[in-house]
Number of protein chains: 2
Amino acid sequence: MVTMRDVAERANVSIATVSFVINGTKPVAPETRARIEAAIEELDYRRNVVARALASSRTRILALLHPDFETRPNITVIQFVMSAAHGARERGYDLVLWPVNDGEQMSHLLAGGLVDGALLMEVQIRDSRVERLIASRVPFTLIGRTEDDDLPYVDIDFAATIDQAVEHLRGFGHRRIALVTQCAKVPPGNEPGRIMRAHAAYLDAMAALGEPPAVIAVEGTSEGGRVAARTLKDDFPEATAVILLNEGASAGLVKGSRALGRTVPDDLSVISASTAPEFGEMIEPSLTVMAAPATQLGRLAVNALIDKLDGVQEAPPHLLIPCALVPGESVGPAPA
Amino acid sequence: MVTMRDVAERANVSIATVSFVINGTKPVAPETRARIEAAIEELDYRRNVVARALASSRTRILALLHPDFETRPNITVIQFVMSAAHGARERGYDLVLWPVNDGEQMSHLLAGGLVDGALLMEVQIRDSRVERLIASRVPFTLIGRTEDDDLPYVDIDFAATIDQAVEHLRGFGHRRIALVTQCAKVPPGNEPGRIMRAHAAYLDAMAALGEPPAVIAVEGTSEGGRVAARTLKDDFPEATAVILLNEGASAGLVKGSRALGRTVPDDLSVISASTAPEFGEMIEPSLTVMAAPATQLGRLAVNALIDKLDGVQEAPPHLLIPCALVPGESVGPAPA
DNA sequence: CTGAAAGCGCTTACAG
DNA sequence: CTGAAAGCGCTTACAG
């Protein structure tokens, strides 16, 4: 292995000077610099990142903390993960994946000193992992929000997303609109923030419309979708449209409705929020979706975090991006 | 930050002895050990992984090298990535994500000394990245295979998978079976190994059946699936069944066939190979799939690599796992 | 069974 | 503009 010492010897300088040119930390005379660069080239030297990390107490590694047993894996998650990894690499950082269930495990990992910063996925309204994160003193950015809006986060703007979905449906004459969310495996009142916030936005929109709300929470599976279809028919037969915040159940809802004699979109219009268009077009009829800005969020989260680490940042980032409507064939005029 | 020195002082021993008990590298007297463990507990000491890495020249970090612009992201990929990350953590390793396009970039990263080993995804028949990997002297395991079967790999057994799919279809009376694969953005003859091998297995099976082969390569999108449906109808109208090695096109194929007046499975039976069942049941009719063993492969690949790093291994791993048939509703009796 | 000491390959005040 | 040297927090022969 060729080290900085080898380069220094070949260029007839001290290792400090080599370090200065590699990092651009101090001015170096042009001739000296040229000699050093030549030596680096000739020896094919690459600085050891571990030694650098120890000496500078900056590892340039970021952790992506995600729940161990992912909810049904989906396109959005992989897009988010990959874009975060890509964004990190573009700025010279590495991203490690940390499946964490409990805060205990998280604290251990954080205390090891491997990472300079962390990204936390699937944030809940009250989230003990966030407390651990704060206690660890490792800088972080949340993907999603807790109750405490002051923490740095990037998130989907679910309120705007729901509003837009409702607006779109209203344009087709729908007024009785149901919401299908996802059951969480957590105490009520502590769901993932997205569910709480979307729920609240939905209730507001219905109140503004002067229509009664109809909310159904099912599992994020095809079976869950079928359950939703039946509940919809039995308990909310007046609903002519439904907004899903449950991608995993969307296909089942369409299939289940059809099996119950209700066609999409003739009898029931469907919008799947926070869903990849690639996913929507697999379904028949193609789903009208609100595309999750997964790729943007991944980059934004990483860049916000790195900005903080580099001290290039004043206020904690509070970034909200709404989903974008991508029309499919699952929304039609409200039945008379 | 509390260091090993702090622990040593509190326990009245040298830092070497602390290291011995933490790593279990040398026998330590019970009383001494107890004192040290107490000190660790009281100080809430956690060993600095970076310092350890530098001193031991083992970082305990693994890289997952994946193509930068993923083919259409799918459930299988995220399952693979997450299970690899999880498997690594269970053995005390971390997994970094490295999006790499060119070998150049890869060599730079590898030379930095951050990782002890690497996993390479989307391996092609002739793959320059593999050569870079070998040249870097970083231990690795391939996900997929090149021409050179001697390198360590884990892979889906596409031959067995195709055979099983053909067998299944034959059980329903099908003989004229088409294969739909995915266009690669690489020179012909250098596709991802899975396509070459599945293709070969398919040709063998058709030869054994004494039927002419019919192969269609389309993009892994809904549109690609539609193209396949049309090509199938126009160019291979005798085919009563199709095996897909192209998850992204499967939904489009079903929808496209229906649009052309051919119902699945009445007129055309469909099996989607290397596909997640969760995906299959989204489609109408539910797709009969060959489930990709993504989760197993992720763990196997990581464990094989770590075994090698730990010297717990003789021969390079050559692990092949076939997909498992999960019947849906897209396969029916061959039309008379 | 335990310790003193060298060393992993860098960065970074401090001096000149 | 450049260098000598301390130090990052560990591991690991080597000695005893």
Side-chain angles (χ1 to χ4, degrees), chain A residues 1-37 39-40 43-61 92 94 110-116 309-311, chain B residues 1-37 39-40 43-61 92 94 110-116 309-311:
Chain A
M1 172 187 231
V2 22
T3 71
M4 199 172 259
R5 170 145 276 105
D6 299 322
V7 174
E9 279 172 11
R10 185 177 246 269
N12 266 304
V13 293
S14 73
I15 60 167
T17 309
V18 176
S19 176
F20 299 153
V21 346
I22 288 182
N23 297 303
T25 31
K26 286 197 185 176
V28 171
E31 315 84 75
T32 315
R33 166 188 301 280
R35 265 203 336 275
I36 293 172
E37 282 169 347
I40 289 174
L43 297 173
D44 194 30
Y45 167 72
R46 240 69 61 89
R47 109 149 109 3
N48 182 302
V49 297
V50 178
R52 169 154 97 134
L54 183 59
S56 64
S57 50
R58 296 270 255 109
T59 63
R60 302 197 143 249
I61 299 176
D94 288 295
L110 257 9
L114 180 66
V115 304
D116 287 345
L309 296 177
D310 290 352
Chain B
M1 172 188 231
V2 22
T3 72
M4 199 172 258
R5 171 145 274 105
D6 300 322
V7 174
E9 279 171 11
R10 184 176 248 268
N12 266 303
V13 293
S14 74
I15 60 167
T17 308
V18 176
S19 177
F20 298 153
V21 345
I22 288 179
N23 297 302
T25 30
K26 285 197 184 175
V28 170
E31 315 83 73
T32 314
R33 164 187 304 279
R35 266 205 331 278
I36 293 173
E37 282 169 347
I40 289 174
L43 297 174
D44 194 28
Y45 167 72
R46 239 69 62 89
R47 113 149 102 3
N48 181 301
V49 296
V50 177
R52 169 155 97 137
L54 183 59
S56 64
S57 52
R58 299 268 257 111
T59 63
R60 301 196 143 250
I61 299 176
D94 288 294
L110 256 10
L114 181 66
V115 304
D116 288 345
L309 297 177
D310 290 353

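Just so it is clear: chains get the letters A, B, ... in the order the sequence lines come, proteins before strands, and each one is counted from 1.
Between atom CD of residue B:Glu37 and atom CZ of residue B:Arg35 there is a gap of 12.0 Å, rounded to the nearest 0.5 Å. With rounding to the nearest 0.5 angstrom, the CG atom of A:Asn23 is 5.0 Å from the CZ atom of A:Arg47. To the nearest 0.5 Å, atoms CG (A:Leu114) and CG (B:Asn48) are separated by 9.0 Å. Separating the CZ atom in A:Arg46 from the CD1 atom in A:Ile40 is a distance of 10.5 Å, to the nearest 0.5 Å. Between A:Ile15 atom CD1 and A:Asp6 atom CG the span is 11.0 Å, to the nearest 0.5 Å.
Nucleic acid contact for A:Val13: sugar-phosphate only, since backbone atoms but no base atoms lie under 4.0 Å from a heavy atom of the residue. Counting non-hydrogen atoms under 4.0 angstrom, A:Ser19 reaches a base of the nucleic acid.
From the 5' end on, the contacts that DNA chain C makes with chain A at under 4.0 Å to a non-hydrogen atom open and close at C:dG9 to C:dC14.
In the region residues 24-33 of chain B, proximity to DNA chain D at under 4.0 angstrom, judged on heavy atoms, holds for B:Lys26.
Between A:Met4 and A:Tyr45 the shortest heavy-atom distance is N-CE1, 3.5 Å. The two residues B:Asp44 and B:Val2 make their nearest non-hydrogen contact at O-CG1, 4.3 Å. Minimum heavy-atom separation, B:Thr32 to B:Thr17: CG2-CG2, 4.2 Å. The two atoms that bring A:Ala8 and A:Ser14 nearest to each other are CB-C, 3.8 Å, heavy atoms only.
Pairs of Watson-Crick or G-U wobble type, with distances under 3.5 Å, assemble into runs of 3 or more in DNA chain D at these ranges: C:1-3 with D:14-16, C:5-12 with D:5-12, C:14-16 with D:1-3.
For B:Val18 and A:Asn12, each mapped to the nucleotide of DNA chain D holding its nearest heavy atom, the one lying further toward the 5' end belongs to A:Asn12. For the pair B:Phe20 and A:Met4, both in contact range of DNA chain C, the more 5′-proximal nearest nucleotide belongs to B:Phe20.
A donor-acceptor contact shorter than 3.5 Å links the side chain of A:Asp116 to the backbone of A:Arg60.
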